[in-house]
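See below for the structure under consideration.
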2 protein chains.
Amino acid sequence: MGKLEAYVRKGERVTIRDVALGAGVSVATASKALNEQGRMTVETRERVQRVAQRLGFRPNAMARALVAQRSFTLGLLTNDTYGRFTLPVVAGLSAAMADRGVSVFLCAVEDDPERVRLNLNAMEDKRVDGLVIAGKRIDRALPIALPPQRMPVVYVNAACPPQGVGFVPDDDGGAYAAVTHLLGLGRRRVTHVSGPRDFEAVGLREQGWRRALDEAGLPVPKAALFGSWSEGFGYETGHALMRTPRAADRPDAVFCGNDQIARGLIDALMHLGVRVPDDVAVVGFDNWEIFAQATRPPLTTVDMELKELGSQAGLTLLDMIDGKPVTEGLQRRPCRLAVRQSCGGQAR
Amino acid sequence: MGKLEAYVRKGERVTIRDVALGAGVSVATASKALNEQGRMTVETRERVQRVAQRLGFRPNAMARALVAQRSFTLGLLTNDTYGRFTLPVVAGLSAAMADRGVSVFLCAVEDDPERVRLNLNAMEDKRVDGLVIAGKRIDRALPIALPPQRMPVVYVNAACPPQGVGFVPDDDGGAYAAVTHLLGLGRRRVTHVSGPRDFEAVGLREQGWRRALDEAGLPVPKAALFGSWSEGFGYETGHALMRTPRAADRPDAVFCGNDQIARGLIDALMHLGVRVPDDVAVVGFDNWEIFAQATRPPLTTVDMELKELGSQAGLTLLDMIDGKPVTEGLQRRPCRLAVRQSCGGQAR
DNA sequence: CTTACTTGAGAAAACGTTTTCTCATCGATG
DNA sequence: CATCGATGAGAAAACGTTTTCTCAAGTAAG
C-alpha cells in the first residue's frame with residue numbers, strides 16, 4: 001500500500017476512480033463502500049474507506065447533485081444592502097445550513113428588477129434547491145417574479161404571498177413584553193415613540209404597547225408619537241416630552257420603536273438633566289448591539305432573534321424541499337427582551 | 001410548431017434533449033446552436049434558439065461545470081460576523097460577479113477552526129473556482145488551513161501569506177488625505193485620536209497623519225492618543241483635550257481613527273460648548289454611514305471604498321482562475337474623503 | 001466523371017457520481 | 001450430487017451538458 005498515490009494523476013483531483021483503482025475494486029463498489037450502501041465484506045468496505053482517506057478523496061458535489069437531482073444549495077436574495085436586518089438572518093441561516101451540508105448563495109440586490117432577474121436566473125441555472133427571500137420591512141414584497149419552475153421559497157422580514165411561507169418577528173409580542181417589563185418595575189406612565197406610521201411594524205408595536213397598558217388597567221397616557229426612525233427624531237421628541245407643563249403628566253418611561261430613537265431620546269434627557277433610568281426609564285427595539293451598548297446607560301431593548309429567524313427559515317425550507325408538510329402563511333416568532341440598565345433595576 | 005410543449009415531460013425541467021427533440025435535431029447540434037459554436041445553417045441555429053426560448057430552456061450549470069471543470073462559483077469566507085466591514089465587501093464582490101455569471105457562497109464563521117474546516121470542506125466539495133477570505137483587521141490571519149488542492153485565494157482586509165494576493169485600504173494614504181484636507185482649510189493644530197496601538201491600521205493612520213503635518217512644515221502638536229475604538233473613548237478624550245490649560249495649545253482640529261471615536265468626541269465638544277466645526281474641526285475614518293450621518297454636524301470621514309475592494313478582489317480572483325498573471329502581495333487601494341460638515345466649509 | 005474540399009449534422013465519449021441490474025460463487029439443503 | 005438462496009462484486013445506465021470525431025452530401029476543380 002506504499003505507492004497508493006501513484007493512482008492519482010499528477011495535479012488532477014482525486015476521483016472515485018482513483019479510489020477504486022487504489023483499492024482494487026470497481027467504481028460501483030467504491031461508491032457503495034463510501035456511502036455505507038449495498039452488500040460487501042467489511043474487509044472490502046474498510047479497505048476502500050482507508051484508501052479514500054489516504055488519498056484525501058472528496059466526492060464532487062456537482063456530479064452527485066446531477067444524479068440526485070438535488071444540489072444541497074440554497075439561494076438568499078435580499079434587498080437589505082445595508083444588511084442591518086439581513087446580516088443576522090444570513091448568519092443564522094448559513095450556520096444552520098452548514099451543519100447539514102447545505103451551502104448558501106448570497107445575492108444582494110437593490111430594488112432593481114433587472115438585477116433581481118439576473119440573480120434569480122443565476123440561482124435557477126445553478127439549480128438551487130430553494131430560495132430565501134429576505135427584506136427589511138414586513139409589509140413590503142421584493143420586486144420578484146419567481147421563475148416558472150416552482151421552487152420552494154421562504155420569506156423572512158418581507159411580505160409573503162397568500163399561499164407562501166414566511167417568518168417575521170412578533171412585533172406585537174415584543175412590544176408587549178417590553179412594556180410589561182416596565183410596568184413590572186413600577187412605571188405607570190409609559191409613552192411610546194416610534195417610526196413612520198406606514199410601517200406595519202409600527203402599528204404592531206403600538207398595539208403591543210396598548211395591550212400591555214390595557215391589561216394593567218392603565219390609561220394610555222397620550223397618543224403614541226410617530227416620526228422617523230432616526231436619532232434626530234428621538235432627540236426632538238425627548239425635548240418635547242419634557243416640555244409637558246405639569247410634571248405629573250410627564251412619562252416615567254418611554255418605549256421606543258427602535259434603538260436609534262431611544263438613543264436620541266436618552267441624549268435629550270441627559271441634556272435636560274433628566275436621569276435615566278431613575279427619572280425616566282427607556283426601552284428600545286432591535287437590540288442593535290452597536291447602539292444598545294453605546295448609549296449611557298446601556299439600552300434595554302427588544303431583540304428580534306433574527307439569527308433564530310434565519311435558521312428557522314432555513315430548516316423550514318429544507319422540510320419543504322423534502323416534501324414534508326409545513327405550516328403555511330406568515331409565522332410571527334417570539335422576541336426576547338435584552339435587559340440592560342436603561343430600564344432601571346429590579347430593585348425599585 | 002404549436003404543440004412544442006409536448007416534448008417536455010410533465011413537471012420535469014426542460015433539458016437540452018427536449019430542445020433538440022422540439023427542433024428536430026440532435027443534442028449535439030442543439031448544444032452547438034445555443035452556444036454559437038460549430039457549423040450549421042443559420043436556419044437550423046435560429047430554429048433551435050427559437051425552440052429553446054419558447055420552452056424556457058435554461059442549461060443546467062452543474063452539468064456544464066462538470067465538463068468544463070469550472071463551476072463559475074466562488075466562496076467567501078469571513079470571520080466578521082458583525083459584518084460591518086465585510087458587508088460592503090461582499091456587496092461589491094457579488095455585484096461584480098453576478099455580472100459575469102459567477103455566484104458566491106457565503107460562509108460566516110466565528111474564529112472556530114472546527115467550523116472553518118466544515119465550511120472549507122463544503123466549498124471544496126462544491127468545487128468553487130476560488131476563495132475570497134475577508135477579515136476585519138489587516139494584521140490578523142484567519143485560522144485557516146487551506147485545502148491541499150491549491151485553489152486560487154484572495155485576501156481582503158486580512159493578513160495575507162508571503163506569496164498570496166490581498167487587498168486592503170490604504171490607511172496611510174487615507175489619513176494623509178484627511179489631514180491634508182484639514183490643513184487646506186487653515187487648521188494648524190491637528191491632533192490624532194485613535195484605537196488600540198496593536199492594530200496595524202492604527203500605526204498606518206498615525207503615519208499618514210504625521211506625514212501630512214511634516215510636509216506642511218508643522219510640528220506634531222502632541223503625541224497621538226490611543227485607546228479603544230469606542231464612542232466612550234472619544235468622549236473622554238474630547239473632554240481631556242479641552243482641559244489643556246493654555247487655549248493656544250488646544251487643537252483646532254482632530255483627526256479620529258474611526259467614526260465612533262469621532263462621534264464620542266463631537267458629543268463631548270458639544271457638551272463643553274465647543275463649536276464644531278467652527279472652533280474645532282473633526283474628521284473620522286470608516287464612513288460608517290449610520291454614524292457619519294447621525295452626528296451633528298454630519299461627519300467628514302475617510303471612506304475605505306470597501307465595495308470597490310470587494311469587486312477588485314473578485315475580478316483579480318477571476319484572473320487568477322483564468323491563469324492570467326496578477327500582481328502578488330498586498331495591494332493598498334486608495335481611500336476617498338467623504339466631505340460633510342464637521343470639517344468646516346471651504347469658505348474659511 | 002473522378003477527385004478533392006467544404007459543409008451540415010449526428011454519434012459517441014467525457015465529466016464524476018449513484019443506482020439498478022446481473023452474475024458468479026459458495027455453503028447449505030434435499 | 002443437483003438445487004437453491006444468499007452473498008459479494010461488477011457492468012452499465014443515468015444525470016445534462018460539451019466537444020471531438022466521423023460521415024454523408026454537396027460543390028468545385030481537374
Side-chain angles (χ1 to χ4, degrees), chain A residues 7-9 11-49 51-52 55-73 101 124-127 129 149, chain B residues 7-9 11-49 51-52 55-73 101 124-127 129 149:
Chain A
Y7 288 110
V8 16
R9 298 135 316 186
E12 299 287 321
R13 309 207 52 142
V14 180
T15 80
I16 200 171
R17 290 202 50 197
D18 303 318
V19 175
L21 240 52
V25 299
S26 72
V27 171
T29 305
S31 172
K32 283 180 290 195
L34 294 171
N35 295 309
E36 303 287 346
Q37 302 261 328
R39 298 179 305 207
M40 73 194 61
T41 336
V42 285
E43 201 279 316
T44 307
R45 199 180 291 278
E46 284 173 359
R47 178 158 39 92
V48 172
Q49 290 174 348
V51 172
L55 257 37
F57 169 69
R58 311 238 77 218
N60 183 327
M62 289 180 314
R64 238 179 186 169
L66 209 51
V67 16
Q69 300 281 59
R70 186 102 139 59
S71 66
F72 292 93
T73 276
E124 196 184 350
D125 292 353
K126 301 245 160 66
R127 296 303 192 262
D129 297 326
Q149 308 291 345
Chain B
Y7 288 111
V8 16
R9 297 135 315 186
E12 300 286 319
R13 310 208 51 143
V14 179
T15 79
I16 200 171
R17 290 202 50 196
D18 303 317
V19 175
L21 241 51
V25 297
S26 71
V27 172
T29 304
S31 172
K32 282 180 291 193
L34 294 171
N35 296 308
E36 303 286 348
Q37 300 262 330
R39 300 178 304 206
M40 73 195 60
T41 334
V42 285
E43 201 280 315
T44 307
R45 198 181 291 278
E46 283 173 0
R47 177 159 37 93
V48 172
Q49 290 174 348
V51 172
L55 257 36
F57 169 69
R58 310 237 80 218
N60 183 326
M62 289 180 313
R64 237 177 186 171
L66 209 52
V67 15
Q69 302 280 59
R70 185 100 141 60
S71 66
F72 292 93
T73 275
E124 197 185 349
D125 292 352
K126 301 245 161 64
R127 296 301 190 265
D129 296 328
Q149 308 291 348

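Here is how names work: the chains are called A, B, and so on, in the same order as the sequence lines, proteins then strands, and each is numbered from 1.
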Given atom [atom1] of [X] and atom [atom2] of [N], what is their separation to the nearest angstrom?
X: A:Leu34; N: C:dT19; atom1: CG; atom2: P; value: 13 Å
X: B:Asp18; N: D:dC15; atom1: CG; atom2: C1'; value: 13 Å
X: A:Leu66; N: D:dA13; atom1: CG; atom2: P; value: 17 Å
X: B:Arg17; N: D:dA13; atom1: CZ; atom2: P; value: 14 Å
X: B:Glu12; N: D:dG16; atom1: CD; atom2: C1'; value: 13 Å
X: A:Arg13; N: C:dT17; atom1: CZ; atom2: C1'; value: 14 Å
X: B:Leu55; N: D:dG16; atom1: CG; atom2: P; value: 14 Å
X: B:Lys126; N: C:dG16; atom1: NZ; atom2: C1'; value: 16 Å

Measure the shortest side-chain to side-chain distance between [X] and [Y] over non-hydrogen atoms and say whether it is less than 4.5 angstrom.
X: A:Lys32; Y: A:Met40; value: yes
X: B:Arg127; Y: B:Thr73; value: no
X: A:Met62; Y: B:Ser71; value: yes
X: A:Ile16; Y: A:Ser31; value: yes
X: B:Phe57; Y: B:Val51; value: no
X: A:Val27; Y: A:Thr15; value: no

Difference in axis direction between the ends of the helix from C:dC1-D:dG30 to C:dG30-D:dC1, five pairs, 10°: 70°
For B:Gln49 and B:Glu36, does a side-chain donor sit closer than 3.5 Å to a side-chain acceptor? yes
Heavy-atom pair of closest approach, residues B:Val25 and B:Ala30: CG2-N, 4.0 Å
Atom pairs under 3.5 Å: protein N/O with N/O of nucleotides 8-12 of chain C:
| residue | atom | partner | partner atom | Å |
| --- | --- | --- | --- | --- |
| C:dG8 | O3' | B:Thr41 | OG1 | 3.2 |
| C:dG8 | N7 | B:Arg39 | NH2 | 3.4 |
| C:dG8 | O6 | B:Arg39 | NH2 | 3.1 |
| C:dA9 | OP1 | B:Thr41 | OG1 | 3.4 |
| C:dA9 | OP1 | B:Thr44 | OG1 | 2.8 |
| C:dA9 | OP2 | B:Thr41 | N | 3.1 |
| C:dA9 | OP2 | B:Thr41 | OG1 | 3.2 |
| C:dA9 | OP2 | B:Thr44 | OG1 | 3.0 |
| C:dG10 | OP2 | B:Ser26 | N | 2.9 |
| C:dG10 | OP2 | B:Ser26 | OG | 3.2 |
| C:dG10 | OP2 | B:Thr29 | OG1 | 2.6 |
| C:dG10 | O6 | B:Lys32 | NZ | 2.9 |

Nearest to the side chain of B:Gln69 - C:dT17, C:dC15, D:dG16? C:dC15
Look at B:Asn60 and D:dC15 and indicate whether a side-chain polar atom (N or O) is within less than 4.0 Å of OP1 or OP2. no
Can you tell me if B:Ser31 touches the phosphate of D:dT18, counting only side-chain N or O atoms and a distance under 4.0 Å to OP1 or OP2? yes
Only one of A:Arg58, A:Arg64, A:Arg13 clears salt bridge (Lys or Arg N to Asp or Glu O under 4.0 Å) with B:Asp125; which? A:Arg58
Just checking B:Arg70: base, sugar-phosphate only, or nothing, at a heavy-atom cut-off of under 4.0 Å? nothing
